Asks: 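Got a structure for you, written out below as structure tokens; questions coming shortly.
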Protein chains: 2
Amino acid sequence: MIRIALADDHKMFAKGIAGLLEEEDDLRVDGIFSNGKDLLDFLKTHEVDVILTDMNMPVLDGAGVLEAIKKTSPKTKAIVLSMYHDEAIYNRSMKLGADAYVLKNSDPDELIYTVREVFEGNYLPSYSKLQQQTESDEYTDYYKLKFQLSKRETQILRMIKNGMTNKEIAASLNLSLFTVEAHRKKIHSKLKVSSVSELIRKAIDIGI
Amino acid sequence: MIRIALADDHKMFAKGIAGLLEEEDDLRVDGIFSNGKDLLDFLKTHEVDVILTDMNMPVLDGAGVLEAIKKTSPKTKAIVLSMYHDEAIYNRSMKLGADAYVLKNSDPDELIYTVREVFEGNYLPSYSKLQQQTESDEYTDYYKLKFQLSKRETQILRMIKNGMTNKEIAASLNLSLFTVEAHRKKIHSKLKVSSVSELIRKAIDIGI
DNA sequence: GAAAAAATACCCCAAACAGGGGATTTTTTC
DNA sequence: GAAAAAATCCCCTGTTTGGGGTATTTTTTC
């Protein structure tokens, strides 16, 4: 039996995940919390095998949880739940000792699989696994078909969504600023938007 | 027994909500779908009392679901689940015949309460109810305390997040463009961000 | 009712974005 | 291997943001 505790400030989502995991015979959710502090308090008196934590939480965020866990109960495995396909957040999580990084809009089976593998100690986190999570998502596929974004466009859209400027994107991909601007114009026309804010919103909606 | 069917493209979330509702003795979830079309297909052969639907879905979105439902099974009540505290989306939902509009980051009890009231025919949707949903959220409270955003700042942040430009916001609130810019600068310094994209992301993180 | 906070409005300047065009090279597809 | 699509780069122009000020009026708070 794999004992689990989780923290996520979106209560509906937290309860949701818990129900999902409880359906599995070998998984048991012992605690559901909506911030990191409540989770850590719980862990003072209860032992679990795996914790799932969101990064953005009030009072004590995911980073704080990871740090504390690695100190106080190093045997406990930690899986980060994140809304963002963002390399910077991914790297920060790993540095803080996370054992896995799962996107919130990935398939529920993906999460269950990861919990088991992490528990067994067989899971080797990598950024390419994160790539796969978004790529295997059938709905992203649908939108890819609907909006016909090319690979480069998808990549750049993701970077814009993650808060990067055209200049930063150009530097990061070794492209001319003009090229990035050209891609951006194409993205705008394909997604029928005309500003960053609309763009980001659309990107979130279609789960890119 | 209130019979429910729901559609949301975030599978984890959909399964989550379902589990949450199933915990109540008087609620039963007969179908969980990840797009509007699958939900409508189900409704051809099954009768339910209340449907819950996300607005942003592939294949057939929430608007399409509402339109179809009101035609084919007008007795079925429809509740819109939305990520966005956005008056435009709210109004569109209502125009299309939604019986209620519930935010995804509101309290689970809020949703359960709304399902029951809508089923009983006692629920009168209003935009002020939407206001309450965000305001009663304890975590938004936490962030309000942390970042000390004023009312006006919160309002403007929400409008920026919803894709409006300073000019549009100024026009909509009957303010000078300078004023909106001034507020925006304050918001930036309070949230420690320096661009729209970071701003929107932060707004989503703190659930505004 | 005085002090503090919020909301309002304005100026300046530099940086970033948005949209219009055109053109070449590389890669994919059939 | 020809045609189509994707990716690259450049120019021009106007709009929108971002950050630095200052200052007055309105509202809140104690």
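Lettering of chains follows the sequences in order, A, B, ..., and the numbering in each one begins at 1. If you're wondering where the values come from, they're calculated on a predicted model, not measured in any experiment. Side chains are part of it too, since the values below use all heavy atoms of this structure and drop only hydrogens, waters and symmetry mates.
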Asks: Determine whether a donor-acceptor pair (N or O, by modelled atom type, separation under 3.5 Å) exists between the side chain of A/Lys161 and the backbone of A/Ile156.
Replies: no
Asks: Just verifying a value: how many Å separate A/Arg116 CZ and A/Asn122 CG, rounded to the nearest 0.5 Å?
Replies: 13.0 Å
Asks: Which nucleotide in the list D/dG18, D/dA7, C/dA9 gets nearest to the side chain of A/Ser150?
Replies: D/dA7
Asks: Give a yes/no answer on whether the side chain of B/Asn166 brings an N or O atom under 4.0 Å of OP1 or OP2 in D/dT16.
Replies: no
Asks: Does A/Ser189 reach a base, just sugar-phosphate, or nothing at all? Heavy atoms under 4.0 Å.
Replies: nothing
Asks: Between D/dG18 atom P and B/Lys186 atom NZ, what is the distance in whole Å?
Replies: 17 Å
Asks: Can you tell me how far P of C/dA7 sits from NZ of B/Lys151, to the nearest Å?
Replies: 9 Å
Asks: Which nucleotide in the set C/dA7, D/dG18, D/dT8 lies at the smallest distance from any side-chain heavy atom of A/Ala182?
Replies: D/dT8
Asks: Hey, is B/Lys70 close enough to B/Asp99 for a salt bridge, meaning N to O under 4.0 Å?
Replies: yes
Asks: Can you tell me which residue among A/Leu6, A/Asp54, A/Ile32, A/Val29 is in a side-chain contact (heavy atoms from CB on, under 4.5 Å) with A/Ile17?
Replies: A/Leu6
Asks: From the list C/dC17, C/dC10, D/dT17, which nucleotide is the closest neighbour of the side chain of B/Thr165?
Replies: D/dT17
Asks: Taking the six-membered ring for Trp, are B/Tyr101 and B/Tyr90 parallel (under 30°), tilted (30 to 60°) or perpendicular (over 60°)?
Replies: perpendicular
Asks: Can we say A/Lys202 and A/Asp205 salt-bridge, meaning some charged N sits less than 4.0 Å from an Asp/Glu carboxylate O?
Replies: no
Asks: Expressed as a whole number of angstroms, how long is the span from A/Phe178:CZ to D/dC9:C1'?
Replies: 8 Å
Asks: In whole Å, I'd like the distance from the CD atom of B/Glu181 to the C1' atom of C/dC11.
Replies: 11 Å
Asks: Looking only at side-chain atoms of B/Val196, point me to the closest of C/dA18, D/dG18, C/dA7.
Replies: D/dG18
Asks: Counting side-chain heavy atoms from C-beta on, which of C/dG19, D/dG18, C/dC17 comes nearest to B/His188?
Replies: D/dG18
Asks: Please check if any side-chain donor atom of A/Gln155 sits under 3.5 Å from a side-chain acceptor atom of A/Arg152, or the reverse.
Replies: yes
Asks: Atom CD of B/Glu153 to atom P of C/dT8: distance rounded to whole Å?
Replies: 10 Å
Asks: How would you label the contact of A/Thr179 with the nucleic acid (heavy atoms, under 4.0 Å): base, sugar-phosphate, or nothing?
Replies: base
Asks: Write down the distance between CZ (B/Phe147) and P (C/dA5), rounded to a whole number of angstrom.
Replies: 20 Å
Asks: Rounding to a whole Å, what distance do you find between A/Lys185:NZ and C/dG22:C1'?
Replies: 10 Å
Asks: Would you classify A/Ser194 as touching base, sugar-phosphate or nothing, given that sugar-phosphate means primed atoms plus P, OP1 and OP2, and contacts are heavy atoms under 4.0 Å?
Replies: sugar-phosphate
Asks: Whenever both distances are under 3.5 Å in a Watson-Crick or G-U wobble pair, mark it; put DNA chain D into dot-bracket that way, with [ ] for crossing pairs and | when the partner is on another strand.
Replies: ||||||||||||||||||||||||||||||
Asks: Rounded to whole Å, please give me the gap between CG in B/Leu177 and P in C/dC12.
Replies: 15 Å
